[in-house]
Amino acid sequence: MENKVLYVRLPCNPIFPIGVVYLADHVHKLFPEVEQTIFDLGAVPPLDYKTALNNCIDKFKPNLLVFSWRDIQIYAPVGGRGGNPLQNAFEFYYAKNPLIKLRGAVGGLRLAVSYYTELWRNIGLIKQGLKRAKIYRPETRAIVGGGAVSVFYEQLGRSLPTGTIVSVGEGEVLLERLIRGEDFNDERCYVVGETSPRDRLIHEAPAPIEKTACDYDYINSIWPEFVYYLQDQDFYIGVQTKRGCPHNCCYCVYTVIEGKQVRINPADEVVAEMKQLYARGIRNFWFTDAQFIPARKYIDDAVELLQKILDAGMDDIHWAAYIRADNLTPQLCELMAKTGMNYFEIGITSGSQELVRKMRMGYNLRVVLENCRDLKAAGFNDLVSVNYSFNVIDETYETIRQTIAYHRELEKIFGADKVEPAIFFIGLQPHTHLEDYALEKDILKPGYDPMSLMPWTARKLLWNPEPLGAFFGEVCLEAWQRNPNDFGREVMTILEEKLGCAELHEALSAPIVSKKNQKNLVRVN
Ligand code: B12
Ligand code: SF4
């Protein structure tokens, strides 16, 4: 019997399901005869998940179920699906007032319930889907992948049905092999109950495939709900322009999931893809790259792409991305402003050059400031989100003062209302240098469960170690109390009230430390 592939995007906040769209497009280009359907649970009300999935399977009768699971981790300084996770956790851990502590405990409990409910619900949907599809095609296989699976592949396998293929990173080649009926054991995957994940599986390099423009006419034909994403004028549709990030930031797993080898999607193909969306009325694009300009040597690629976007006549679009602002030139800044970049996130993590170096971020903060000035001069007048994660490693009152000085300088450049300090606390992820560091320092024990939301584990995974942990806890609690709607700015204000502000030159200089004395953030891969 012929292959029929059903892509199920598991429930998710309304983010465009670019992963399954690209997979379906890739498979179609290689195997035009294979029938495919995309079913997006992100566009279905929660009460209808089970029935809607059953109906879809009854109608389509697939023999390959491709489940895409995007996110699991929820620590963020914003309201998540079950409330504000960071606030709840901090109230529970740090509040002195017993009533607030209790509120934190209740909130945390509610959150834990919602977290575990979502986890088990998604696993339940995979089991249910597989069982249903087997009624029609007993040989049906389930394969799971996506961002969440890539991070937690070792843990998730334990709860999935025997025979399920658990995939890490990009799924294009694995699907190709499956459809051809070829052996796929050397791909970044394992089969529940049959094989175990190889040691350091996630560190294996992804296959170097060259991406071509997604064929949205075809996608439209296999995905009736596509139009749902076209209706909202404020919605940012994902377009990938490259894969991979060469950096080594201590807490980051993107560089491992996507690999360190940067693979550029040809600019003409990216533009051809955007033009199809543009023709359907889309004006907002999110370049979903781990970093839009991963290093200086990719500046020319970014210039080429943006110039081609202009040449294609798409001069009324907006776009956003993660930007390493150390890799800009005046020419690129001009093109960014001209092509309508209206939001970007810089993940400098700290405004202290010394800490930035210790965290292996590879940023030169002075260069970031110079480039931001160029960007402003080029006419950029929109929002910048600067991601700070306090207390990652070796934070002191002095480095906090430096971060404040740095942030105030960014405000001088862009305007205080345009620079949004996004205060994150790192959610420790497996396969990162920070995990190695935590294990080495005995903060975590080998065999810990990185998915656990039990308070004793979560307290360590939500990275805010002592001696400064309690201090940050109290500052954040005060910020939520004073101004919950402008949390990030309020945190900066309180920190400045308490500690003052360093001179900018102190923030920008990192004293050279001899190798011997340098705090060792564990081995390099
Ligand atoms: C861009 C991005 C964003 C953008 C998205 C913009 C947009 N409009 O699309 C923004 C900034 C908005 C964002 C927000 C968040 N994000 Co985000 N984001 C990313 C990032 C960098 C790229 C995702 C992407 O679109 N890639 C491009 C597409 C093509 O790849 P893909 O979807 O992963 O699909 C490929 C593979 O995964 C695989 N695949 C996918 N499904 C399947 C299924 C099968 C069976 C197979 C075999 C393969 C497969 O093949 C696909 C094609 O190659 C990833 C990190 C990363 N580098 O992967 C994090 C990531 C997905 N985000 C993550 C998280 C947690 C979030 C947030 C929840 C953070 C927060 N706490 O607020 C939010 C909220 C998201 C929401 N649902 O509301 C996590 C998810 C895992 C986790 N830890 O739980 C990731 C992995 C980062 C991380 N390491 O923690 N994010
Ligand atoms: S630059 Fe960004 S994507 Fe790359 S390793 Fe650092 S944090 Fe991760």
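In this chain, residues are counted from 1 in sequence order. If you're wondering where the values come from, they're calculated on a predicted model, not measured in any experiment. Whatever order the structure lists them in is the order used to number ligands and atoms, beginning at 1. What's counted below: heavy atoms across the whole structure, side chains too, no hydrogens, waters or symmetry copies.
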Numbering as shown, the atoms of ligand 2 that approach T255 to under 4.0 Å (heavy-atom distance): 5 (S)
Atoms in ligand 2 flagged as close to C245, the criterion being non-hydrogen separation under 4.0 Å: 1 (S), 3 (S), 4 (Fe), 5 (S)
Heavy atoms only: which of [options] lies closest to [atom]?
{"atom": "atom 2 (Fe) of ligand 2", "options": "Q291, E345, R324", "result": "Q291"}
{"atom": "atom 37 (O) of ligand 1", "options": "C12, G146, G238, S167", "result": "G146"}
{"atom": "atom 16 (N) of ligand 1", "options": "E172, M451, R9, R70", "result": "R70"}
{"atom": "atom 50 (O) of ligand 1", "options": "A148, G171, S68", "result": "G171"}
{"atom": "atom 29 (C) of ligand 1", "options": "F424, F152, Y22, F287", "result": "Y22"}

Can you say whether the rings of [X] and [Y] are parallel (under 30°), tilted (30 to 60°) or perpendicular (over 60°)?
{"X": "Y388", "Y": "H407", "result": "perpendicular"}
{"X": "F292", "Y": "F287", "result": "parallel"}
{"X": "Y216", "Y": "F16", "result": "tilted"}
{"X": "Y218", "Y": "H28", "result": "parallel"}

Check against salt bridge (Lys or Arg N to Asp or Glu O under 4.0 Å), E225 and R9: CA-CA 12 Å; E225 291 82 21; R9 206 271 287 254; over 6 Å; no
Tell me the contacting part of [X] for ligand 1: side chain, backbone, both, or neither, using a 4.0 Å heavy-atom threshold, strictly below.
{"X": "R243", "value": "side chain"}
{"X": "W69", "value": "neither"}
{"X": "I143", "value": "both"}
{"X": "I15", "value": "side chain"}
{"X": "Q240", "value": "side chain"}
{"X": "V144", "value": "backbone"}

Nearest neighbour in protein (non-hydrogen) for atom 3 (S) of ligand 2: Y254 CD2, 3.6 Å
Shortest protein contact, atom 8 (Fe) of ligand 2 (heavy atom only): C252 SG, 2.3 Å
Atom 6 (Fe) of ligand 2 to nearest N/O/S of C249 less than 2.8 Å: yes
Pairwise side-chain contact, T255 with H247, heavy-atom cut-off 4.5 Å (strictly under): no
Centroid-centroid under 6.0 Å between F39 and F60 rings: no
